[in-house]
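Read the structure below first, then the notes.
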2 protein chains.
Amino acid sequence: MTTATLARNGGQATLTVSELAHRTGVAPSAIRFYEKHRLVVSERTAGNQRRFYEAEECIVKIIRVAQRVGLSIAEIRELMADLPERRRITVDDWCVLRRALESEVRARLQALHAALDDLTSDQRLCEIPPTTTHRARH
Amino acid sequence: MTTATLARNGGQATLTVSELAHRTGVAPSAIRFYEKHRLVVSERTAGNQRRFYEAEECIVKIIRVAQRVGLSIAEIRELMADLPERRRITVDDWCVLRRALESEVRARLQALHAALDDLTSDQRLCEIPPTTTHRARH
DNA sequence: GTAGGAGTTAAACAAATGTTGAAGTCAAGG
DNA sequence: CCTTGACTTCAACATTTGTTTAACTCCTAC
């Protein structure tokens, strides 16, 4: 019934902000920014330092992909709203996110192609008016 | 040898900023912004008012599509740098732009899919570690 | 115990893409 | 002539997505 999680450190939050930054190629300031906006989650040490779960590496990478798709921070937060607790995330959860992103890409791509079609099919815009000739007059 | 242009007003610039705004669904302030950044071009009346060529309607629509593709103002300016004078624009020119945009979309889409593939194939990230089980334990 | 390196917060700054507002100009109608 | 509506410019403001900086804390090593 249970689904295995992806923990590698006994499920403890062990990554520092700079470790996570290095793994993801994202600046620490950006990671703190994402945390402030509740895209990223961390525990705190006794000395008030952040410690991230391993899963956060994938979270951050997904954030960057989602941004390239065109999602805002708020939309990415929505996208991830249904994730379970960090220690309980499984491969299935990543796959769900991936499918959601792919579906978003497809939708945007379709809208984009429709817009491009409009551009070149709109009579008043880009078609040759009836009386003029295109590539005429050898 | 020559290619017919798309002029409808004797090739004169006749559109006011609010007419162009209405035709394109873009705010006048945005159109002035685009002009300041040399994406959009206009003539001036004796009284210093802008007058746009018909072609500008398509230009503005292309700008909006290009933004959705993810191009910045500077990149869009580059994209349009090779256009001829406004009065000499032909259907061919729109088609060239369209193909350039489509090609850009394809490139970005491919990079995006590669990134998504990375996400779910990266061993350290999203694969189940060898010792744990996925959806096991009936 | 003290010096260094890494972390912390809050606030200021930055770049991109516009929007809004104030103050002025112009042309048309009454 | 005078009002009205659409235009002009310029500057200030707004939003998003971060980065930079200053002042402070914490842990480790000497």
*Axis deviation across the helix from C/dG1-D/dC30 to C/dG30-D/dC1, five-pair ends, to the nearest 10°*: 30°
*Among the nucleotides D/dT9, D/dT19, D/dA6, which one has an atom lying closest to any side-chain atom of B/S18?*
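Among D/dT9, D/dT19, D/dA6, the one nearest the side chain of B/S18 is D/dA6.
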*Among D/dC7, D/dT19, D/dG18, the nucleotide that comes nearest once only the side chain of A/R64 is considered*: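 Taking heavy atoms from C-beta onward, the closest nucleotide is D/dG18.
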*Range on DNA chain C touched by chain A, heavy atoms, distance below 4.0 Å*: C/dG7 to C/dT9
*asked:* Working to the nearest 0.5 angstrom, can you tell me the gap between B/L15 CG and B/E19 CD?
replied: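 That separation rounds to 5.5 Å.
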Using OP1 and OP2 only, check whether a side-chain N or O of [X] sits under 4.0 Å from [N].
X: A/Y34; N: D/dG18; result: yes
X: B/R50; N: D/dC7; result: no
X: B/R51; N: D/dT8; result: no
X: B/T45; N: D/dC7; result: no

*If you find the nucleotide of DNA chain D closest to A/H37 and the one closest to A/A46, which residue's nucleotide is nearer the 5' end?*
A/H37
_Test side chain to side chain donor-acceptor pair (under 3.5 Å) applied to B/E102 and B/R106, B/R98, B/R99, the passing residue_ =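 It is B/R98, the one option of B/R106, B/R98, B/R99 that forms the side chain to side chain donor-acceptor pair (under 3.5 Å) with B/E102.
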*Output yes when A/E56 and A/R23 qualify as a salt bridge under the 4.0 Å nitrogen-oxygen rule, no when they do not.*
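Result for this pair is no, no salt bridge flagged.
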*asked:* Applying a 4.0 Å non-hydrogen cut-off, can you work out what A/A27 is touching in the nucleic acid: base, sugar-phosphate, or nothing?
replied: sugar-phosphate
